[in-house]
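By convention in this document, chain letters (A, B, ...) are assigned in the order of the sequence lines, proteins followed by strands, and residues within each chain are numbered from 1.
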2 protein chains.
Amino acid sequence: MKALTVPPHRQGADHLSVTFAALADPTRRAMLAQLALRDMSVGELAEPFDISLPAVSKHLKVLEHAGLVRRSRKAQYRPCRIDAEAMKPAVEWLGQFALLWEARFDRLEDYLAELTAKEKKRGRRK
Amino acid sequence: MKALTVPPHRQGADHLSVTFAALADPTRRAMLAQLALRDMSVGELAEPFDISLPAVSKHLKVLEHAGLVRRSRKAQYRPCRIDAEAMKPAVEWLGQFALLWEARFDRLEDYLAELTAKEKKRGRRK
DNA sequence: GTTGTATTGAACCGTACGGTTAAGTACCAG
DNA sequence: CTGGTACTTAACCGTACGGTTCAATACAAC
């Protein structure tokens with residue numbers, strides 16, 4: 001008999017895993033993209049999505065737990081602010097492999113230029 | 001009766017979500033770190049971990065599905081090779097927020113243009 | 001062909017995840 | 001105090017996820 005009520009594997013949940021997991025959802029990424037433009041209340045943030053408010057609240061809690069979003073109080077509102085610094089560990093971890101893709105392809109600069117052009121166009125939409 | 005056998009939300013599973021989800025597990029990240037050093041067979045790859053071989057096989061399938069690992073055949077072995085280029089979209093997505101942690105500028109576009117110019121130079125001189 | 005090695009597939013288990021609805025909390029306004 | 005607005009908590013549902021064990025496949029070597 002096993003007294004195995006303990007969550008077996010994902011108990012520790014290191015910060016990097018929490019961060020990547022938080023980013024692994026399109027709704028949450030869209031929320032972060034919105035918050036990159038300006039601070040927003042939960043209701044504002046929820047507006048573009050076809051999900052209930054509690055669902056939005058849950059997503060925010062995930063982002064908050066990952067340190068990607070911080071919240072305060074203003075009257076009834078709980079304005080959300082992005083904390084992009086929390087992405088640093090993820091970026092740094094990915095950066096470990098930069099040599100692997102730069103070595104094979106010397107066209108990183110071209111890729112970045114191209115992508116930046118695309119981002120410029122997409123900036124204000126949606 | 002509900003004909004709702006369809007997976008409701010996470011059906012589409014865009015590539016970025018698949019990639020981030022693949023990275024959101026310490027075992028898989030450790031596997032990628034190993035593969036960054038050299039190609040390895042499944043058995044070799046499994047050795048440092050205290051999990052069964054089928055579990056390793058599943059992890060590899062996740063990484064493969066995300067395009068992070070490619071596999072071939074050599075006798076009974078299925079050597080694994082990292083494909084770090086598959087990380088690029090994730091890195092670039094995160095790069096959108098770079099200005100938020102590196103500076104207090106207000107214009108994402110300006111920052112990106114600047115960064116791209118810098119990248120172009122750095123890429124050459126490296 | 002039989003045996004041995006490397007890896008995957010199938011079935012199962014418990015928890016996590018994203019979603020819902022309904023009820024509860026917190027704050028402002030009349 | 002009453003009502004409205006903004007959000008969260010609680011309970012539930014179905015699927016996904018990480019793990020297991022046991023059986024099957026693929027190939028090498030004898």
Side-chain angles (χ1 to χ4, degrees), chain A residues 1-14 17-31 39-47 49-66 69-81, chain B residues 1-14 17-31 35 39-66 69-81:
Chain A
M1 74 195 164
K2 316 174 154 185
L4 201 267
T5 324
V6 190
H9 44 290
R10 210 180 237 224
Q11 210 259 25
D14 55 300
S17 295
V18 170
T19 304
F20 278 127
L23 296 174
D25 182 284
T27 302
R28 286 193 292 263
R29 286 198 307 277
M31 287 175 172
D39 296 4
M40 292 175 82
S41 71
V42 179
E44 273 181 299
L45 211 43
E47 209 203 311
F49 305 105
D50 257 3
I51 58 177
S52 65
L53 227 62
V56 172
S57 193
K58 280 191 189 179
H59 279 306
L60 279 170
K61 202 151 44 174
V62 172
L63 291 170
E64 203 175 3
H65 185 236
V69 161
R70 296 212 308 200
R71 322 176 66 177
S72 50
R73 298 208 60 142
K74 203 163 200 175
Q76 311 101 306
Y77 302 88
R78 281 152 193 77
C80 307
R81 168 164 305 181
Chain B
M1 96 203 203
K2 329 178 177 174
L4 200 269
T5 325
V6 190
H9 44 288
R10 210 181 239 219
Q11 211 257 26
D14 55 300
S17 295
V18 171
T19 303
F20 278 126
L23 296 174
D25 183 282
T27 303
R28 286 194 291 265
R29 286 198 307 279
M31 286 175 173
L35 290 174
D39 296 5
M40 291 175 81
S41 71
V42 179
E44 272 182 300
L45 211 43
E47 209 201 310
F49 305 105
D50 258 2
I51 58 177
S52 65
L53 230 62
V56 172
S57 193
K58 280 190 190 179
H59 279 306
L60 279 170
K61 201 152 45 174
V62 172
L63 291 170
E64 202 175 4
H65 185 236
V69 160
R70 297 213 311 207
R71 322 177 65 178
S72 50
R73 300 208 56 143
K74 203 163 199 177
Q76 312 101 303
Y77 303 87
R78 281 152 193 78
C80 307
R81 168 164 306 182

Under-4.0 Å side-chain N/O to phosphate OP1/OP2 contact, B/His59 with D/dC17: no
Donor-acceptor pair, side chain of A/Glu47 and main chain of A/Glu44, under 3.5 angstrom: no
Residue mapping more 5' on DNA chain D - nearest nucleotide basis, B/Pro54 or B/Val62: B/Val62
Phosphate-side-chain proximity, A/Lys74 and C/dC28, N/O vs OP1/OP2 below 4.0 Å: no
Nucleotide nearest A/Ser57 (side chain, heavy atoms from C-beta), chosen from D/dA6, D/dT9, D/dT20: D/dT9
Separation of atom CG in A/Leu23 from atom P in C/dC17, rounded to whole Å: 14 Å
For atom CG of A/Leu60 and atom P of D/dA6, their distance in whole Å: 16 Å
B/Ile51 and B/His59: CA distance, side-chain angles, deciding distance, side-chain contact (heavy atoms from CB on, under 4.5 Å) verdict: CA-CA 11 Å; B/Ile51 58 177; B/His59 279 306; 4.0 Å; yes
Under-4.0 Å side-chain N/O to phosphate OP1/OP2 contact, A/Ser41 with D/dA6: no
Integer-rounded Å distance: C/dC17 P and B/Phe20 CZ: 17 Å
Distance, rounded to the nearest Å, where B/Glu44 contributes CD and C/dT5 contributes C1': 14 Å
Pairwise distance CG(B/Leu45) to CG(B/Leu60) - rounded to 0.5 angstrom: 5.5 Å
Rounded distance (Å) that lies between atom P of D/dT5 and atom CZ of A/Arg73: 18 Å
Residue A/Arg71, side-chain atoms from C-beta onward, closest of D/dC7, D/dA11, C/dT8: D/dC7
Touch class at under 4.0 angstrom, heavy-atom based, for A/Ala55 against every strand present: base
Distance-only donor-acceptor check, side chains A/Ser17 and B/Arg29, under 3.5 Å: yes
Nearest listed nucleotide, side chain of B/Gln76, among D/dA26, C/dT20, C/dG18: D/dA26
N or O in side chain of A/Arg78 less than 4.0 angstrom from C/dC27 OP1/OP2: no
Distance test, side-chain N/O of B/Lys58 to OP1/OP2 of D/dT20, below 4.0 Å: no
Distance, rounded to the nearest Å, where A/Ile51 contributes CD1 and C/dT20 contributes P: 6 Å
Nucleotide nearest A/Tyr77 when distance is taken to its side chain, options D/dC7, C/dG19, D/dC22: D/dC7
Touch class at under 4.0 angstrom, heavy-atom based, for A/Leu53 against every strand present: base
Distance, rounded to the nearest Å, where B/His65 contributes NE2 and D/dG18 contributes C1': 17 Å
Any B/Ser52 side-chain nitrogen or oxygen under 4.0 Å from OP1 or OP2 of D/dT20: yes
Lys/Arg N to Asp/Glu carboxylate O, A/Arg71 vs A/Glu64, below 4.0 Å: yes
Donor-acceptor pair, side chain of B/Arg78 and main chain of B/Gln76, under 3.5 angstrom: yes
Which residue lies more 5' along DNA chain C, comparing A/Asp50 with A/Ala75 via nearest heavy atoms: A/Asp50
Distance in angstrom units between A/Glu47 CD and D/dT5 C1', rounded: 16 Å
